[in-house]
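Take a look at the structure below.
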There are 4 protein chains.
Amino acid sequence: MTSRKQEKFEMILDAAQKVIAENGFHGSQVSKIAKEAGVADGTIYLYFKKKEDILISLFEDRLGKLVDRFNSSIQETDTAEQALRKVCEIHFTELENNVDLAYVTQIELRQSSIELRKAIGLSVKPYIQLIEHIVQKGIHENSFRPELDPKLTRHLIFGAMDEVVTSWLISGRKYSLSAQVDKTVDFFLKALSS
Amino acid sequence: MTSRKQEKFEMILDAAQKVIAENGFHGSQVSKIAKEAGVADGTIYLYFKKKEDILISLFEDRLGKLVDRFNSSIQETDTAEQALRKVCEIHFTELENNVDLAYVTQIELRQSSIELRKAIGLSVKPYIQLIEHIVQKGIHENSFRPELDPKLTRHLIFGAMDEVVTSWLISGRKYSLSAQVDKTVDFFLKALSS
Amino acid sequence: MTSRKQEKFEMILDAAQKVIAENGFHGSQVSKIAKEAGVADGTIYLYFKKKEDILISLFEDRLGKLVDRFNSSIQETDTAEQALRKVCEIHFTELENNVDLAYVTQIELRQSSIELRKAIGLSVKPYIQLIEHIVQKGIHENSFRPELDPKLTRHLIFGAMDEVVTSWLISGRKYSLSAQVDKTVDFFLKALSS
Amino acid sequence: MTSRKQEKFEMILDAAQKVIAENGFHGSQVSKIAKEAGVADGTIYLYFKKKEDILISLFEDRLGKLVDRFNSSIQETDTAEQALRKVCEIHFTELENNVDLAYVTQIELRQSSIELRKAIGLSVKPYIQLIEHIVQKGIHENSFRPELDPKLTRHLIFGAMDEVVTSWLISGRKYSLSAQVDKTVDFFLKALSS
DNA sequence: CATGAATGAGCTTTCATTCAT
DNA sequence: CATGAATGAAAGCTCATTCAT
């Protein structure tokens, strides 16, 4: 019973991602998402309180899964350097391989109300903190400069990667995103290394 | 006549910035902007074809003035390093001293349709190119690493600064933004220097 | 089996009265009544054809019981005067002692569709007829004026009492309703007496 | 300009009365009223803040005009008895001659939310107070009993007349309402006279 | 008999844009 | 040039009712 509910919940999220990717944020009416999910409009409201909640859940779900992947991948690494490389690798590869998701997270979901963006911010936070931990680890390992401000640095790193992805999307994906990993990580390591 | 037209044009832009800063993007109806500007609703449409055009013009105007400041300030510098420091300094200082503008550019204007965001992208482009030129100049001066990819690097630098500003705003401006200039530029210079 | 059916029927009516008194007519969804009654939504429809039928039955049941009380009480009286006094006494006392019922009958149930109000009218009819009988009895006893029109008079009397109850409720029940019995009956007897 | 605004305001009220009389309260969508008034849906909201406001204004306007008629007619009377007769005469005649209005005020407008009914109550208050004044005048003139409670009496009189009108409507108007004036006023005067 | 998940019709309100004055 | 009254399309959400289990 719970699993059937969970199942339909996922179906609606999948439908929402597809509809948003195809029609854009403002062209994604509840009725369109319902149709794509193969349920009635009213059914949506058995699983989500408001339309916004679909988007928040969508972001939480997708980003949550990404952060899980980050965490488990990092545990296979020894140094902060390796961890940072892994993070950038997954970040770029994952979004390159899932253009719908990239479009939704980088473009569409940012066109939302301030309340929604705050909720989305909460989903991003674990990722930003993950980056901060890596920076701190690097400092402890003496591979990163001790005078680094981890709070500032995490934003510099996240912002840089985020913008690279967005500009890649807006350019029309004319080049490989994953091909930027090495240069990007080089940039970071040069900036961070002691 | 043209100057009178120009005058009213600016009045509407000023009104738009004020209204958006006060009411947020979604609370900024044409009628509200008209009222703030002291003109009738219909008058807006003598100066702008669509509502979006107000926002595009607003961004173009404000960012254009910023880029002008960047350009003239940079001409007072000798090295790419100095230029980059100047750019970051102006970027952070200007937005710290003009919170309305910061709020409008970092938060409100991003909640807009894809068409609008593309138009805004065009306004940002000269700034991104400015950063690229500085990187190229640094390479020519042999102060920056020759293997740097200027196209990628400009996004890394812009994205990093952009995210620092946004997170400063969202944090509630609890710390000084301009105080982050040195650490930020250090990060960049370490990343870039040969 | 029939008694079990009857039992659940009553449970639903009790639940309906409670829910309406607590949430008002427009806040009383079928699902809320079902929950209060401790049954599933669909179960309601095994006992009532439409939502309206719950309300009609509720009114019939409650008013039927009141009319029963009227009838048995009147049989203990000798004259039409005494009967009329008894009717007013029960009318006011009963509603004063059962504010939920008063609220539901005087305020909430009147906010209903025309069909429902007609059905409710049928429930009130026996009560109106009771009043008519008393008037006729008084005329026969020569205590009431022979020129009285019983059909008109029953409405004058019912309408007067009904409005007194409603205004007492709307006033916030700041005074005693039963304390109005004597003055009200005096008014009627003066109007009726030969 | 103000008169044009007033004119359209009245047009919408007239349309609302007609639509409600024809379709009932629940069948009277804003779009239907707008169509009947010959304006666009949105235009309604230039004159009324919410749909409910149409109904409140309708009641205020119609009842206000009635109370005006009451007041001026009463000034032509000398005694409280004459005044009371006049009130009942106008009350019954006016509604008999304007069945749409009768239907709307007695049946349809009562099926409304509690907030709306409170607002309507405010419109009825001047009328109820008018009745109270007549009662007080009668007491001063020594034609009415001094022990009468004017606050209670006004409700007895209003409630009686109100119910007579409603039952006349529900009966399908099979008899003359104005023909009930004499018997009704006789009832009141007998009840009131000293 | 009972359940409760699913349905989907239905309606108010906003606001960018127009155009007669 | 300027006005601002009028337009009307568009969409989120509720809830009575059904029916497969």
How many Å lie between [atom1] on [X] and [atom2] on [N], as a whole number?
| X | N | atom1 | atom2 | value |
| --- | --- | --- | --- | --- |
| A/Ile54 | F/dA11 | CD1 | P | 15 Å |
| A/Phe25 | F/dA11 | CZ | C1' | 13 Å |
| B/Leu46 | E/dC19 | CG | P | 13 Å |
| B/Asp53 | E/dT17 | CG | P | 9 Å |
| B/Tyr45 | F/dT7 | OH | P | 18 Å |
| C/His26 | F/dA16 | NE2 | P | 11 Å |
| D/Leu55 | E/dT12 | CG | P | 10 Å |
| A/Phe48 | F/dG12 | CZ | P | 15 Å |

*Decide if atom NZ of C/Lys18 counts as having more than 12 heavy atoms of other residues, nucleotides or ligands within a radius under 6.0 Å.*
no

*Is it the case that more than 12 heavy atoms not belonging to C/Lys32 sit under 6.0 Å from its NZ atom?*
yes

*asked:* Looking at F/dA2, I'd like to know if its phosphate oxygens (OP1 or OP2) sit under 4.0 Å from a side-chain N or O belonging to B/Lys8.
replied: yes

_Under 4.0 Å from OP1 or OP2 of E/dA6: is there any side-chain N or O of A/Tyr47 that close?_
yes

_So if I take residues 28-42 of chain D and measure heavy-atom distances to DNA chain F, which residues fall below 4.0 Å?_
D/Val39, D/Ala40, D/Gly42

*Is there side-chain contact between B/Ile33 and B/Phe48, with at least one heavy-atom pair below 4.5 Å?*
no

*For the residue pair D/Lys50 and D/Ile44, establish whether any side-chain heavy-atom pair is separated by less than 4.5 Å.*
no

*When you measure from the side chain of D/Glu108 to the backbone N and O of D/Phe25, does any donor-acceptor pair fall under 3.5 Å?*
yes

*Find the runs of at least 3 consecutive base pairs, i with j, i+1 with j-1 and so on, that include DNA chain F, using Watson-Crick or G-U wobble geometry with both distances under 3.5 Å.*
E:2-21 with F:2-21

*What integer number of Å spans the P atoms of F/dT21 and E/dC1?*
23 Å

*Gap between atom CG of A/Leu55 and atom CD1 of A/Ile20 - 0.5 Å precision*: 4.5 Å

*Drop me the distance from A/Leu95's CG to A/Asp100's CG, to the nearest 0.5 angstrom.*
11.5 Å

*side chain to side chain donor-acceptor pair (under 3.5 Å) between B/Gln106 and B/Asp162, intermediate numbers included*: CA-CA 8 Å; B/Gln106 302 298 121; B/Asp162 189 58; 3.1 Å; yes

_I want to confirm an ordering. Mapping A/Glu52 and D/Ile44 to their closest nucleotides on DNA chain F, which one lands closer to the 5' end?_
D/Ile44

*Starting at the 5' end of DNA chain F and moving along, which residue's nearest nucleotide shows up first, B/Thr43 or C/Lys50?*
B/Thr43

*Which residues pass the side chain to side chain contact (heavy atoms under 4.5 Å, CB included) test with B/Lys35, sequence neighbours left out?*
none

